[in-house]
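Following: one structure in structure tokens, then a few remarks.
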Amino acid sequence: MLASPRGLSLLRVRLDDSSRQALPVWLPVGIGATVGLGLAIWSLASGGHRWDEFAGIAVLLGAAAVAEAFPLPIEGVAVGSTSLATIFVVGVAAIYGWAAAAVVGFLAMALVEIGRRRPFSRIAFNSGVYVLGGVAAGAAAAIFEGDTLLQLVLGALAAAVSFYLVDITLLAGVVSRSRQIAFFPSVRSYVYLTIAPFAIMASLTVILVVLWDRSPFVAVVLIGPLLATALYQRWIHGALDRLREFDRLKDEFIAIVSHELRTPLTSVYGAAVTLRQHELDEDRRRALLDIVSTEAARLARLLDDILWVSRLDSGRAEPFITRVEPLALVSEVVDATRTHLKPGLSGELRHEPTAHPVAADPDKLLQVLVDLLENAGKYSDD
């Protein structure tokens with residue numbers, strides 16, 4: 001019942017990167033699945049199935065392929081995203097037998113993997129897992145073959161458990177081989193990560209099988225709620241991802257603002273304490289007052305930046321474009337920067353004899369130039 005969780009997508013990458021280490025696992029899986037698929041095709045071809053049975057198998061195949069192509073993210077579950085394709089593969093096993101399940105499992109996975117241009121080793125392994133899982137599911141469902149409601153439920157549950165065990169065992173085997181880790185801890189880890197999605201999909205499989213036995217047309221109606229649930233879950237997951245990204249950006253913004261505010265506040269505080277506690281000559285006193293004035297202006301600019309970011313986030317920021325004399329603006333920024341350059345650095349303004357006016361928002365252009373020059377002074381070598 002396990003599908004394509006993100007946690008196990010790491011295994012797909014590992015399989016591609018270390019296919020030689022995983023060869024003892026994926027090659028037998030591919031060979032065994034080839035044999036099973038051949039027997040399944042022969043069984044279907046000689047089984048005398050009716051056209052309506054082939055139509056039902058085709059409908060479930062289409063549903064499985066779509067579900068495999070668009071995995072469902074499950075918020076709050078460690079595996080991340082899970083394919084609902086196994087609901088339909090196991091449903092085929094319980095309704096039409098192991099042969100149909102093997103063919104549907106192979107086609108659903110192989111078509112999607114080929115469409116994504118996956119490496120051959122990955123296609124062989126993933127398709128093989130679905131084939132062998134479908135065979136095991138069909139064999140388990142046959143034990144409870146019958147028309148009563150209890151037999152249908154037990155058959156569907158047995159098929160789901162069998163598919164899940166095959167899936168988990170083979171996935172843990174290839175992961176443990178490619179990562180060179182112990183097999184049983186891998187099995188335990190994957191069971192822990194996937195038991196919740198398995199329980200959900202097993203219950204959905206039972207519902208599908210019971211409804212299909214009563215009327216295939218009624219069972220097809222189940223696809224609508226499943227699709228709506230999947231789309232809603234994907235939307236919820238995307239919204240929560242965006243909220244988590246906003247929280248990360250907020251924390252990063254607060255850290256940056258705190259760092260930027262600390263420097264001018266320290267300068268203002270130090271100058272104020274010195275002015276209060278010491279007798280100073282006029283030149284020293286004037287220099288400290290200049291520091292207070294300059295750093296206070298810098299604090300004001302930082303607060304303006306915060307307000308500007310708030311307006312941008314709310315969509316209320318509108319630039320004020322007007323005619324700006326660049327030479328006067330740049331001269332102001334350079335003169336202000338000189339007052340707090342570290343020792344060994346100096347600032348010089350070089351310009352053409354004629355500087356043409358530009359169209360800009362003077363406040364925002366001033367902010368950009370101040371940030372550039374302050375960072376240049378802060379991070380330049382002596």
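These numbers come from the heavy atoms of this one structure, side chains and all, not from hydrogens, waters or symmetry mates.
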TODO: Quick one: closest heavy-atom pair of I291 and A271, and the distance?
DONE: CG2-CB, 4.4 Å

Task: Approximate separation, where rounding is to 0.5 Å, of F198 CZ and I195 CD1 - done: 6.0 Å

Open item on the list: When you group the ILVMFWY residues by side-chain heavy-atom contacts below 4.5 Å and let the links chain together, are I123 and L107 in the same group?
Closed with: no

Task: Shared hydrophobic cluster, L165 / F184 (ILVMFWY, side-chain heavy atoms < 4.5 Å) - done: yes

Task: Rounded distance (nearest 0.5 Å) linking atom CD1 of I41 with atom CZ of F106 - done: 7.5 Å

Open item on the list: Taking side chain to side chain donor-acceptor pair (under 3.5 Å) as the cut-off, I'd like each qualifying pair that reaches into residues 138-161, sequence neighbours left out, listed once.
Closed with: T148-Q151

Task: Set of residues satisfying side chain to side chain donor-acceptor pair (under 3.5 Å) with respect to W98, sequence neighbours excluded - done: none

TODO: Could you go through the salt bridge (Lys or Arg N to Asp or Glu O under 4.0 Å) check for E245 and R248 one step at a time?
DONE: CA-CA 5 Å; E245 178 65 14; R248 186 190 66 79; 2.6 Å; yes

Open item on the list: Using side chain to side chain contact (heavy atoms under 4.5 Å, CB included), reason through L60 and V104 one step at a time and then give a plain yes or no.
Closed with: CA-CA 8 Å; L60 294 175; V104 167; 5.5 Å; no

Task: Non-hydrogen atoms of S162 and A136 that approach each other most closely - done: CB-O, 3.7 Å

TODO: Give the intermediate values and the outcome of side chain to side chain contact (heavy atoms under 4.5 Å, CB included) for residues I114 and R118.
DONE: CA-CA 6 Å; I114 292 173; R118 305 302 191 190; over 6 Å; no

Task: SB check R50 E53 (cutoff 4.0 Å) - done: yes

Open item on the list: Determine whether a donor-acceptor pair (N or O, by modelled atom type, separation under 3.5 Å) exists between the side chain of R116 and the backbone of A69.
Closed with: yes

Open item on the list: My understanding is that a hydrophobic cluster links ILVMFWY residues whose side chain heavy atoms are under 4.5 Å apart, including indirect links. Using that, what else belongs to the cluster containing F144?
Closed with: I143, L150, L154

- [ ] Could you check F125 against V129 for side chain to side chain contact (heavy atoms under 4.5 Å, CB included), going step by step and ending with a plain yes or no?
- [x] CA-CA 6 Å; F125 177 78; V129 168; 3.7 Å; yes

TODO: Evaluate whether atom CZ of F120 has more than 12 neighbouring non-hydrogen atoms of other residues, nucleotides or ligands under 6.0 angstrom away.
DONE: no

Task: Residue pair T86, Y130: steps toward the side chain to side chain contact (heavy atoms under 4.5 Å, CB included) verdict - done: CA-CA 8 Å; T86 51; Y130 270 36; 3.7 Å; yes

Task: Approximate separation, where rounding is to 0.5 Å, of L208 CG and W212 CH2 - done: 7.0 Å

TODO: Would you check if the side chain of T205 reaches a backbone N or O of M201 as a donor-acceptor pair within less than 3.5 Å?
DONE: yes

Open item on the list: Taking V333 as the starting point, is it possible to reach V330 by hopping between hydrophobic residues whose side chains are less than 4.5 Å apart?
Closed with: yes

Task: D371 backbone acceptor or donor facing N375 side chain under 3.5 Å - done: yes

Task: Beyond-backbone contact of L329 with V324, side-chain heavy atoms, under 4.5 angstrom - done: yes

Open item on the list: Taking Y190's backbone N and O only, do any of them form a donor-acceptor pair with T194's side chain (distance below 3.5 Å, no angle check)?
Closed with: yes

Open item on the list: Do V29 and I31 land in one hydrophobic cluster if side-chain heavy atoms of ILVMFWY residues count as linked below 4.5 Å?
Closed with: yes

- [ ] Before accepting this row, confirm whether a basic side-chain N of the pair K250/E252 lies closer than 4.0 Å to the acidic partner's carboxylate O.
- [x] no

Open item on the list: Nearest 0.5 angstrom please: L152 CG to R214 CZ, how far?
Closed with: 6.0 Å

Open item on the list: Within the structure provided, determine whether L349 and L327 are in side-chain contact (heavy-atom separation under 4.5 Å).
Closed with: yes

- [ ] Mind listing the closest non-hydrogen atom pair of I181 and S186 along with its distance?
- [x] CD1-OG, 3.3 Å

Task: Sidechain-backbone polar pair: D361 side chain, I321 backbone, donor-acceptor under 3.5 Å - done: no

Open item on the list: Ignoring hydrogens, what is the shortest heavy-atom contact between A93 and G138? Give both atom names and the distance.
Closed with: CB-N, 3.5 Å

Task: Rounded distance (nearest 0.5 Å) linking atom OH of Y164 with atom OG1 of T169 - done: 9.5 Å

Task: Other residues, nucleotides, ligands: >12 heavy atoms within 6.0 Å of Y269 OH - done: no

Task: Same cluster (ILVMFWY, side-chain, under 4.5 Å), V66 and V92 - done: no

- [ ] Can you measure from CG (L299) to OG (S267) and round to the nearest 0.5 angstrom?
- [x] 9.0 Å

Open item on the list: Looking at every non-hydrogen atom in both residues, tell me the closest pair between P362 and T322 and how far apart they are.
Closed with: CD-CG2, 3.7 Å

Open item on the list: Tell me the closest heavy-atom pair linking P357 and E325, and the distance in Å.
Closed with: CG-OE2, 3.7 Å

